[in-house]
Structures are given as structure tokens and as C-alpha cells.
Amino acid sequence: MASVDWNALAAKSRRSRRWKNGLLIGFLTLVSVPILLPFFWMVVISVTARTGGVEAAVLWLACAVLVPATCAYGAAHLALPHPRARIIAGGVIAAAAALGLWALVGDQLHLHNYRFLVNSNLVEDIRGAATAGGQFPWVWTAFGNSLLVASVSTALKVIVATLAGYYLSRFAFRGRSGFLQGLLILEVFHPWMLTIPIFLVIYWVGLLNTLTGPILVLTAIDLPFFIFIMKGFFDAVPWDIEMSAMTDGASRRQAFRMVVLPQVRAGLIAIAVLGFIKGWEEYVFVTALRTGNSYWVMSTYLYYVAEDVMGVDYGLVAAVSVFYMIPSLALYLWCQRYLTQMTMGGVKG
Amino acid sequence: MARVDLQGLHKVWDTATAVDGLDLTINDGEFVAILGPSGCGKSTTLFMLAGVYLPTAGDILFDGARINEVEARDRNVGIVFQSYALYPNMTVLQNILFPLRFQKHPDADQRARDMADLVQVGDLLDRRPGQLSGGQQQRVALARALVKRPNLLLLDEPLSNLDATLRLTMRAEIRRITRELGVTTILVTHDQLEATTMADRVVCMNAGRIEQVGTAEDLYLRPQSRFVAGFIGSPPINFIEGSVTGGALRCDGQTIAVAAPDGPVCIGLRPELLIPVEDGLAAKVTHVEAMGREVLTSVETAFGTLRFLEPTARPRWRIGDDLQLGFAPDASIVFGAAGTRLDGATAALKKVIHA
């Protein structure tokens with residue numbers, strides 16, 4: 001045992017750990033480039049492109065600043081364990097990136113592509129006569145409709161999934177296990193397979209060309225999964241807490257509201273965020289359930305900007321995309337913590 | 001505060017009978033423990049008292065009034081669960097105040113604070129349950145159960161999540177508080193020590209039925225059934241089974257005289273009442289456990305394995321030693337074939353009978 005050189009062994013272990021970390025970070029950086037680049041480009045194009053096309057040189061210059069900035073941020077994150085140091089480093093890197101962008105492509109930057117936000121008649125502005133049946137709306141109309149579809153369907157999903165999940169978790173009734181299996185089986189069918197039957201149902205009910213149609217359909221599609229998630233969350237709330245509330249003098253409804261519901265808050269937020277983003281992004285059913293241009297939402301707006309109206313104005317398309325992305329991105333970042341908890345709650349179920 | 005009567009109480013689930021005809025009276029201000037193994041129906045009984053479960057048959061009476069169909073929230077019963085079941089989204093004060101929220105008390109806040117002081121959590125009122133230790137959570141749960149001055153306090157295995165030292169203090173604490181308030185209390189537990197140390201009377205349950213009701217001493221010294229004899233006492237009682245013929249059990253040339261009619265019997269012998277003697281039942285030591293205050297020795301005899309306890313710290317015997325065991329006739333408890341005690345029946349070693 002005398003001849004063992006512990007220091008050398010420790011150094012070897014440190015070296016190999018450093019190598020492994022370095023390789024891992026390098027690999028992850030490499031694979032994230034093709035995922036992140038389109039987002040960079042989208043933002044850069046939206047503030048640089050002029051009518052007619054995209055300057056490739058501008059793109060590459062912007063990437064030359066943004067890619068190293070991102071890598072630097074990653075490196076700073078690894079090197080600095082303290083959260084405050086991380087924030088400061090992030091600020092410094094962001095400032096440096098902004099300066100670099102200003103120096104390299106500053107003269108190219110403009111906000112003309114965002115004119116759709118203030119110009120209610122984009123089509124007239126560009127082409128003179130209207131293309132899409134003369135009904136191409138102001139973006140805020142589409143924005144409002146998307147908000148309506150997403151929020152109303154989210155509210156419905158959250159209310160129904162919460163009540164159903166609670167009932168499935170707490171009450172024994174005939175057909176309970178069959179119902180649970182049924183929820184899972186519904187997940188097997190992709191909702192797009194049902195587009196035509198759904199169209200027929202909505203047509204017969206008389207909801208074609210109304211926003212109520214997509215709102216109900218979106219709610220129905222997400223419900224089985226959301227009910228399952230909420231059941232998992234309720235299963236994790238101890239039964240005796242509820243019983244305790246009831247012996248303390250609460251009615252079952254009061255016990256649910258005052259004691260049980262606060263404990264599934266993470267689940268409620270998780271399904272609300274997921275439900276909202278799905279409603280916000282919805283394209284297939286909002287398109288399928290209208291026969292003309294009876295209503296516009298953000299996804300159809302973007303589609304027409306890209307395919308029908310503008311043809312080649314990439315700047316405008318990119319600007320609309322950025323505008324479209326911001327609400328769901330903000331919501332996602334804001335509630336990220338709860339979304340990660342959802343998987344845990346789900347597993348428990 | 002109330003007197004509680006259970007009359008022919010039954011609870012039947014789809015396939016199983018959980019509680020099979022319970023008759024019991026608990027006096028006003030009495031502390032009663034329901035003791036039994038898991039699945040004996042003791043928790044079901046507790047939840048029927050709390051109003052969580054409806055009895056299948058039979059009646060529950062508070063001060064003589066039938067309350068079977070009265071809802072849990074109207075019974076004015078306080079309950080402490082094994083897990084304490086504190087509301088994690090509320091502070092300690094809010095937890096204790098919770099039962100008063102439904103009663104509209106003008107002095108609710110003061111009452112909650114007084115109760116918190118009584119259970120000694122007065123300085124933790126702004127904490128959340130997650131920030132409390134097990135013992136503190138236990139005290140808060142007790143305060144919450146008692147703050148509305150319940151007719152009846154129910155404790156469901158309240159100490160089993162605490163460590164051994166804390167359990168000792170909380171046993172005394174719970175007893176002090178219930179005595180101070182004079183509240184009728186029912187404790188449900190599978191821990192005989194908990195039941196016998198805290199309760200005025202212990203109800204021993206098995207398979208949905210009451211085996212015996214009595215003080216700790218009654219249950220230990222005068223068990224009425226083989227089940228009670230086996231369940232109460234640690235280390236457990238020794239049982240010698242056999243068939244009496246001509247007033248004796250015989251096996252391999254050894255004889256135990258039994259003053260009972262012929263037929264199968266079971267003789268119970270407490271380990272501390274078996275003593276090594278000069279001339280008794282031949283035994284060979286198979287295992288020795290020094291437990292600090294006493295030594296538990298296992299021996300192999302003609303009638304099977306027996307264990308005896310000696311009040312000494314230093315083991316006297318080693319594995320393989322031969323010795324002779326004796327016991328006084330009044331140390332034996334004889335049970336019949338059905339497991340019930342045979343009154344007046346005793347057992348004795350033929351040769352060694354010392355007064």
C-alpha cells in the first residue's frame with residue numbers, strides 16, 4: 001500500500017471528469033444549433049428583411065454574434081454556481097450581444113415588418129385589391145379570437161378535468177375502471193382521424209363557422225388526458241385531510257374547495273398552461289370547421305400571410321411569427337416550474 | 001363531553017365484515033383505548049363514530065340520542081389522524097382556527113391561541129405544517145381537534161409516526177390535556193403499550209368483535225380468551241397445546257397436571273412466571289437474548305419451545321445447557337378448545353409444586 005500515489009489518482013479522476021463534461025457540453029451545443037438557429041433567424045429576419053427578400057449576409061453576421069453569445073451564456077451557467085452571478089453574467093453577455101449586433105448589422109435594423117400591428121388594412125397596403133376574399137382582418141381581430149378560443153377552451157378543460165378527476169379519484173362507482181380504461185383508449189386515436197365526423201357533428205349541431213365549434217372540439221380532445229392528469233394529482237392528496245376537514249365541520253364541497261383544491265394547484269396550472277398553448281396553436285380544427293373566412297385566428301392569419309397574401313415577403317412572415325410566438329413563450333417560461341411537476345403528478349396516478 | 005353507546009354495531013363491506021356486533025358504553029370523560037391487530041375493525045369503528053362511514057346495522061348514541069345518520073360535520077367530534085392530516089396550505093393558526101370557521105365564534109381567534117398555548121405550540125402560529133417536526137405537528141393536530149370543544153375526541157394511532165422518546169412524552173402530554181379538558185376520548189391503536197399506559201379501560205378487538213374489556217391489569221393477568229393472552233404482553237406468552245386425558249398432558253415421559261375435563265386445551269404461561277428449578281420440566285437452551293434489564297432464554301422441551309424471562313442483566317445460561325423449568329399453579333391460564341378461558345382450571349407440574 002505504500003507506493004500508491006493518491007494525488008496522481010485524484011488528478012487523473014479530475015482530468016477524466018473534465019474531459020467527460022467538456023465532451024458532453026460540446027455535443028449538446030452541437031445538437032442544439034439546428035434547433036435554435038431557426039429561432040434566431042426568425043427574429044433577425046423580422047427586424048432586417050426588406051420587401052423582396054432576405055440578405056444572407058445579415059443572417060450570418062447576426063448568427064456570428066448570437067451563437068457565441070448563447071455558448072458564452074451556457075459556459076457562464078456552468079462556471080458560476082451562484083444564481084446572482086449567473087444573472088449578472090447573463091446581463092453582461094446580453095449587452096455584449098446587443099452591442100455586437102448594433103455594430104455589425106445596426107444599419108439594417110428596422111421595424112417596418114411589424115407594421116401589421118398598427119395597419120388594419122395590410123392587404124390594401126401591399127397589393128391594392130384584397131386577395132383572400134376581401135376579408136383579410138386586422139391582426140388584433142385574429143389575436144382576440146385566438147385568445148378567446150384558447151382561454152374559453154382552457155377554462156372548460158380545467159373545470160371539467162378537475163371535477164372529473166376528483167370524482168374518479170375519490171368515489172367508487174359502477175364502471176369506474178372501465179371509464180379509466182376508456183380515457184386511455186381515447187388517447188390512441190389521433191384527433192385528426194376524426195376530422196370529418198367532427199365536421200359533420202358540428203355541422204348538424206349548427207356550430208359551423210362559429211368559434212364555439214373549435215372551442216368545444218378542442219376541449220373534448222384534451223379532456224381525456226387532462227382528466228387522467230388531474231386524477232393523479234388528486235390521488236396524491238391524502239384522503240384523511242379531507243375527512244379531517246369534514247369532521248372539523250366542513251361540507252364535502254367546502255372541504256374540496258378549502259383543503260383539497262389548494263393542494264392540486266400545480267396540476268391546475270399545468271393543465272391550464274398546456275390547454276392554453278394547445279388552443280393558441282390550433283390550426284387543423286379551426287380551419288376544418290369553417291367554410292369561408294367566417295372567423296380568423298392567429299394560426300390562419302399566419303398561414304395566409306405566408307401562403308396566400310404576401311407570397312415572398314419573408315420579413316412580414318417572420319414578424320407575424322414572432323408576434324404569434326410571444327404569448328405562448330411567455331406563458332410557458334412563466335409556468336415552467338409547474339409543468340415539470342405535472343409529470344410527477346401524472347406518474348403517481 | 002358525552003357518554004357514548006355502541007349497540008350491536010355492524011359494518012359490512014362488499015365482501016367482508018369489518019365490525020361484527022359491537023356493544024360498548026364509554027362514560028362521560030373516560031379515556032378508552034381500542035386495541036387490536038391490523039384489520040380487526042378498530043379503525044372502521046372509529047370512522048363510524050366520526051361519521052365518515054355509515055353503520056350497516058346497530059346504533060351509535062351520544063348521551064342517549066341516536067346519531068347514526070347525523071353528518072360528520074354536525075357531530076362535534078374531534079379527530080387526530082395517524083398522519084395528523086394538517087392542511088398544508090394553511091399556517092398553524094389557520095389550521096387550529098379551521099373548525100371554528102364553521103361556527104362563527106366571536107372569540108375564535110382567542111380560543112385558538114389559548115388552545116395552541118395548552119398544547120405548547122403558541123410560538124409556532126405563523127409556521128406552515130411542513131416546517132414543523134413530527135411532535136409539533138401532533139400537537140397542532142390535537143389543538144385543532146380540541147378547539148371546538150368536541151363531544152368526543154378520536155385518536156387514530158396518534159403516536160405511531162413519532163420516534164420512541166417523543167412517543168413517551170406525547171403519551172403523557174395527551175393524557176394531561178384530555179384530563180385537563182375532561183373530554184371523552186377514544187384511542188385506536190395496535191400498540192399495547194400505548195393502550196395500556198394511556199387508557200382508563202382497554203377494549204381488545206379481534207376480527208370485528210370485542211374479545212375483552214377491562215383495565216390493563218385485567219387484560220394481562222386475567223385474559224378471557226387465548227387471543228387476548230397472546231396479544232397482550234411482550235415478550236409474548238408461552239402456549240402449550242395438547243389433549244388432556246385423565247387430568248394430565250403427557251409427552252415424552254413428561255407430565256403436566258391439568259385440573260380440567262378431558263379434551264384439547266391450551267395452557268398459557270407468562271415468560272416471567274416460568275422459573276428454573278431443581279426438579280421440573282426438562283429443557284435445553286437454544287437461544288439467549290440479553291435485553292439489558294432482563295434476559296430472555298428460549299428452551300426446547302417435550303411440549304415445544306418455551307421462553308422465560310429472568311430479571312438480570314447477565315445471562316445465566318448458555319446455548320446447549322440443560323435445565324429444569326417450573327411454574328406455580330396460579331401462574332397458568334388454561335383455555336379450552338374454542339379459545340375461551342376455562343374458569344377454575346389450572347395446570348401444574350406434578351413433581352414441583354411450591355407454594
Side-chain angles (χ1 to χ4, degrees), chain A residues 158 162-163 165-180 230 232-272 335 337-338 341-342 344-345 348-349, chain B residues 13-14 43 46-53 70-90 94-105 108 112 128-130 137 140-158 161:
Chain A
V158 169
T162 305
L163 295 177
Y166 177 72
Y167 201 86
L168 283 168
S169 164
R170 285 297 193 266
F171 292 87
F173 56 92
R174 197 182 292 272
R176 178 176 176 275
S177 60
F179 190 89
L180 284 171
M230 285 316 293
F233 272 96
F234 282 117
D235 284 346
V237 177
W239 171 93
D240 45 18
I241 282 188
E242 217 172 328
M243 290 308 147
S244 174
M246 277 153 71
T247 47
D248 279 347
S251 66
R252 181 131 208 167
R253 187 174 305 152
Q254 282 168 327
F256 175 72
R257 187 167 49 81
M258 298 160 110
V259 172
V260 180
L261 216 47
Q263 298 194 62
V264 296
R265 199 168 128 256
L268 290 178
I269 293 176
I271 65 168
C335 302
R337 193 157 59 91
Y338 299 102
Q341 280 181 12
M342 183 195 69
M344 291 188 270
K348 274 182 201 152
Chain B
W13 299 115
D14 286 344
S43 290
L46 192 82
F47 289 137
M48 281 194 281
L49 280 162
V52 176
Y53 299 155
V70 177
E71 281 191 50
R73 59 174 164 146
D74 300 322
R75 288 191 186 189
N76 195 21
V77 163
I79 185 162
V80 175
F81 287 88
Q82 182 174 359
S83 61
Y84 317 134
L86 296 178
Y87 312 129
N89 52 313
M90 304 180 196
Q94 287 168 334
N95 262 283
I96 301 176
L97 270 172
F98 190 81
L100 299 178
R101 276 163 83 169
F102 306 98
Q103 298 187 347
K104 304 268 179 292
H105 273 285
R128 298 213 174 243
Q137 289 189 28
V140 175
L142 200 60
R144 187 182 62 186
L146 289 169
V147 72
K148 60 180 175 183
R149 294 180 191 145
N151 290 323
L152 177 63
L153 175 66
L154 302 173
L155 306 172
D156 184 15
E157 310 254 2
N161 283 354

Quiz item: Is there a donor-acceptor pair under 3.5 Å between the side chain of B:Arg75 and the backbone N or O of B:Val70?
Solution: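 Yes, because the side chain of B:Arg75 sits within donor-acceptor range (under 3.5 Å) of the backbone of B:Val70.
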Quiz prompt | B:Gln137 side-chain N/O to B:Pro129 backbone N/O, donor-acceptor pair under 3.5 Å | solution =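 Yes.
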Quiz item: Is there side-chain contact between A:Val158 and A:Leu268, with at least one heavy-atom pair below 4.5 Å?
Solution: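 The answer is yes; the side chains approach within 4.5 Å.
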Quiz prompt | A:Val259 and A:Val237, any side-chain heavy atoms less than 4.5 Å apart | solution = no
Quiz prompt | Toward chain B, the part of A:Gln254 with a non-hydrogen atom under 4.5 Å | solution =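 Answer is side chain: those atoms of A:Gln254 sit under 4.5 Å from chain B.
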Quiz item: Picking from A:Ser251, A:Ala250, A:Ala255, A:Pro238, which has the most non-hydrogen pairs under 4.5 angstrom with chain B?
Solution: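 Of the options given, most contacts go to A:Ala250.
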Self-check item: For chain B, the option from A:Met243, A:Met246, A:Met258, A:Gln263 that forms the most heavy-atom pairs under 4.5 Å
Solution: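 Most heavy-atom pairs under 4.5 Å with chain B: A:Met258.
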Quiz item: B:Glu71, B:Gln103, B:Arg101: which one forms the most heavy-atom pairs within less than 4.5 Å of chain A?
Solution: B:Arg101
Quiz item: By a 4.5 Å heavy-atom criterion (distance strictly below it), what part of B:Phe47 contacts chain A: side chain, backbone, both, or neither?
Solution: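 Only the side chain of B:Phe47 comes within 4.5 Å of chain A.
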Practice problem: Against chain A, label B:Leu86 side chain, backbone, both or neither, depending on which of its atoms sit under 4.5 Å from a heavy atom there. | Solution: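 For B:Leu86, the contact with chain A is made by the backbone alone.
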Practice problem: Mark yes or no: B:Arg144 above the aromatic ring of B:Tyr87, with NZ or CZ under 6.0 Å from the six-membered ring centre and no more than 45 degrees from the axis. | Solution: yes
